[in-house]
Amino acid sequence: MATPRRVAVVVGSLRKDSLNRKMAKALAAAAPPSLSLEVVEIGQLPLYNQDDDASPPPASVAFKEKIAGADAVLFVTPEYNRSVPGVLKNAIDVGSRPYGKSVWSGKPGGVISVSPGAIGAFGANHHLRQSLVFLNVPAMQQPEAYIGGADKMFDASGKLTNDSTREFLGKFAAAFSAWVERNAAS
Ligand SMILES: Cc1cc2nc3c(=O)[nH]c(=O)nc-3n(C[C@H](O)[C@H](O)[C@H](O)COP(=O)(O)O)c2cc1C
């Protein structure tokens with residue numbers, strides 16, 4: 001079998017009991033063997049400051065190396081005030097600079113948004129896509145993934161108990177694997 005594609009998973013919540021992190025874990029369990037998913041942490045990143053471009057903070061350099069080493073990126077994010085959480089936007093900005101040294105460009109991408117609310121963080125999903133267009137990340141369009149009612153989907157141990165969502169995650173991951181093959185650099 002071919003080597004699995006390495007997918008950097010960026011979770012847009014720092015919360016200990018994050019529904020998005022649980023969903024990312026459930027996605028990794030539902031993914032085909034052609035994908036290897038690993039969460040790349042963003043909570044340690046300093047706030048992006050353009051003054052640091054000549055000598056970026058070590059945590060930012062390490063983050064960029066992890067993203068650069070991945071074949072694809074997958075964002076799993078909540079919605080804050082109808083947009084992406086600041087921590088996620090910060091990670092995107094950190095990865096995009098210094099100018100000309102973005103680690104995002106050309107990486108096949110995907111977006112899953114997760115909320116307890118009914119509309120599944122649609123606003124965050126699409127605000128994120130606006131940045132991805134600019135960053136030259138070809139983001140998979142179908143299936144769309146707006147997962148609402150997520151607060152009712154996990155048991156006390158954090159395991160996904162909703163069968164239809166598990167099935168959906170499997171389909172999403174299979175489609176994403178095909179998307180990565182179609183858009184990967186090599
Ligand atoms: C600052 C803030 C703003 C929020 N705004 C929204 C929102 O616009 N839409 C929404 O569906 N949920 C909103 N929520 C609720 C989050 O969806 C909920 O806290 C969710 O559990 C966050 O994801 P997490 O569990 O992965 O941390 C907001 C929560 C916070 C803390």
Side-chain angles (χ1 to χ4, degrees), residues 4 6-32 35-48 57-60 62-67 70 72-95 104 109-132 137 139-140 143-177:
R6 286 161 303 165
V7 181
V9 180
V10 179
V11 177
S13 169
L14 307 183
R15 200 166 72 86
K16 183 163 48 71
D17 288 328
S18 166
L19 298 168
N20 282 269
R21 188 174 283 267
K22 289 175 192 169
M23 200 61 79
K25 222 173 140 194
L27 179 73
L35 297 179
S36 164
L37 277 68
E38 191 190 335
V39 172
V40 176
E41 301 296 341
I42 62 172
Q44 78 290 2
L45 292 175
L47 286 178
Y48 175 74
S60 302
F63 172 75
K64 287 187 72 177
E65 282 171 357
K66 282 189 181 153
I67 300 295
V73 287
L74 188 52
F75 298 91
V76 185
T77 187
E79 177 173 271
Y80 278 6
N81 301 310
R82 295 285 181 259
S83 186
V84 291
V87 286
L88 176 55
K89 183 59 166 56
N90 184 56
I92 288 169
D93 295 342
V94 165
W104 306 113
V111 180
I112 296 178
S113 55
V114 178
S115 172
I119 54 178
F122 174 91
N125 192 307
H126 281 264
H127 269 188
L128 176 53
R129 286 173 186 276
Q130 179 169 319
S131 294
L132 298 183
V137 171
M140 185 171 77
E144 298 166 281
Y146 316 109
I147 304 181
D151 53 330
K152 308 276 186 302
M153 291 186 180
F154 298 94
D155 68 15
S157 72
K159 188 169 173 287
L160 182 65
T161 55
N162 185 294
D163 290 340
S164 62
T165 301
R166 190 176 314 102
E167 196 181 318
F168 171 75
L169 291 178
K171 285 185 182 151
F172 182 96
F176 190 64
S177 178

- request: Name the orientation class of the two ring planes belonging to F168 and F172 (parallel below 30°, tilted from 30 to 60°, perpendicular beyond 60°).
  value: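 The arrangement is tilted - the two ring planes meet at 30° to 60°.
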query: Is the H126-Y146 ring centre distance short of 6.0 angstrom?
result: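 Yes.
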Spacing of [atom1] belonging to [X] relative to [atom2] belonging to [Y], to within rounding of 0.5 Å:
{"X": "F154", "Y": "M23", "atom1": "CZ", "atom2": "CE", "value": "3.5 Å"}
{"X": "H127", "Y": "E79", "atom1": "NE2", "atom2": "CD", "value": "8.5 Å"}
{"X": "N162", "Y": "E167", "atom1": "CG", "atom2": "CD", "value": "10.5 Å"}
{"X": "S113", "Y": "N20", "atom1": "OG", "atom2": "CG", "value": "8.0 Å"}
{"X": "L19", "Y": "M153", "atom1": "CG", "atom2": "CE", "value": "9.5 Å"}
{"X": "L45", "Y": "L88", "atom1": "CG", "atom2": "CG", "value": "10.5 Å"}

Least distance between heavy atoms, [X] atom then [Y] atom:
{"X": "E41", "Y": "F63", "result": "O-CD1, 3.7 Å"}
{"X": "L169", "Y": "L160", "result": "CD1-CD2, 3.8 Å"}
{"X": "V73", "Y": "V7", "result": "C-CG1, 4.4 Å"}
{"X": "T77", "Y": "A124", "result": "CG2-CB, 4.4 Å"}
{"X": "A173", "Y": "L35", "result": "O-CD1, 3.6 Å"}
{"X": "N125", "Y": "A145", "result": "ND2-O, 3.2 Å"}

Does a side-chain heavy-atom distance below 4.5 Å link [X] with [Y]?
{"X": "F75", "Y": "V9", "answer": "no"}
{"X": "I92", "Y": "L128", "answer": "yes"}
{"X": "S13", "Y": "P85", "answer": "no"}
{"X": "L37", "Y": "L27", "answer": "yes"}
{"X": "P78", "Y": "S115", "answer": "no"}
{"X": "V40", "Y": "I67", "answer": "yes"}

- prompt: Going by distance alone, is a donor N or O of one side chain under 3.5 Å from an acceptor N or O of the other, for T165 and D163?
  reply: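 There is no such pair between these side chains.
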message: Side chains of S83 and N81: any donor to acceptor distance under 3.5 Å?
response: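 Side-chain D/A pair, N81 to S83: absent.
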task: Taking atom NZ of K25 as the centre, report whether more than 12 heavy atoms of other residues, nucleotides or ligands fall under 6.0 Å from it.
output: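 Counting other residues, nucleotides and ligands, NZ of K25 stays at 12 neighbours or fewer.
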Neighbour count >12 (heavy atoms, 6.0 Å) for atom CD, Q130: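 Counting other residues, nucleotides and ligands, CD of Q130 stays at 12 neighbours or fewer.
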task: Might you work through the side chain to side chain contact (heavy atoms under 4.5 Å, CB included) test for N90 and I42, ending with a clear yes or no?
output: CA-CA 9 Å; N90 184 56; I42 62 172; over 6 Å; no
task: Start with the C-alpha distance between V10 and L74, add both sets of side-chain angles, then the distance that settles side chain to side chain contact (heavy atoms under 4.5 Å, CB included), and finish with yes or no.
output: CA-CA 6 Å; V10 179; L74 188 52; over 6 Å; no
- prompt: Do NZ/NE/NH1/NH2 and the carboxylate oxygens of R129 and E144 come within less than 4.0 Å?
  reply: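 Looking at E144 together with R129, the answer is no, because their closest N to O distance does not fall below 4.0 Å.
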